[in-house]
Amino acid sequence: MPTLDSVNCFRKAMQRSPTFTERLASDSYPSRFAQAERQQFHRPRTSMGVAGHWIHLAAVLSPLIIGELIKDPERKWRAIRLASVGTAIASEAIWTHRMMQKREEQEERMRECESAR
């Protein structure tokens, strides 16, 4: 039967890490920032870090750049489709890598809890 310490350790290990906005909402800022309301973003493109931001920017700008560089309509649409698939694959790869890192961190916390028993 698990002890109370092991149950609490398990709960702590399974807790999700605070989001960026939750960390910003903490009292870690000096008092001059305390009165200002922080703007909340509903769909941030920075959830995957800087690389996710650049991939999103490349996905948005690629049709404009391809349209300027390639004048043949058939080649232009083919390049736009390839750019869209390429950025989608890159985005999924970054997301998968991020999830693997989170899972490893969670497993490490679980191992720490189990070793503390």
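In this structure Glu108 satisfies the salt bridge (Lys or Arg N to Asp or Glu O under 4.0 Å) test together with Arg111, sequence neighbours excluded.
Expressed to the nearest 0.5 Å, how far OG1 of Thr87 lies from CD of Glu92 amounts to 10.5 Å.
No more than 12 heavy-atom neighbours from other residues, nucleotides or ligands sit within 6.0 angstrom of CD on Glu74.
Between Ala83 and Ile66, the shortest heavy-atom distance links the atoms CB-CD1, 3.9 Å. Taking both residues in full, the closest heavy atoms of Ile70 and Arg75 are given as CG2-CB, 3.8 Å, listed atom of the first, atom of the second, then distance. In this structure, Ala51 and Ile94 approach most closely via the heavy-atom pair CB-CD1, 3.5 Å. Residues Ala90 and Ile55 approach most closely at CB-CD1, 3.6 Å, considering heavy atoms.
The backbone N or O of Ala58 sits less than 3.5 Å from a side-chain atom of Ser62, completing a donor-acceptor pair.
No continuous path of hydrophobic side-chain contacts links Trp77 to Leu82 [ILVMFWY only; heavy atoms under 4.5 Å]. Hydrophobic clustering (side-chain heavy atoms under 4.5 Å, transitive across Ile, Leu, Val, Met, Phe, Trp, Tyr) groups Leu69 together with Leu64.
In the hydrophobic clustering, Val85 connects to Ile89, either directly or through intervening members, whenever side-chain heavy atoms lie under 4.5 Å apart.
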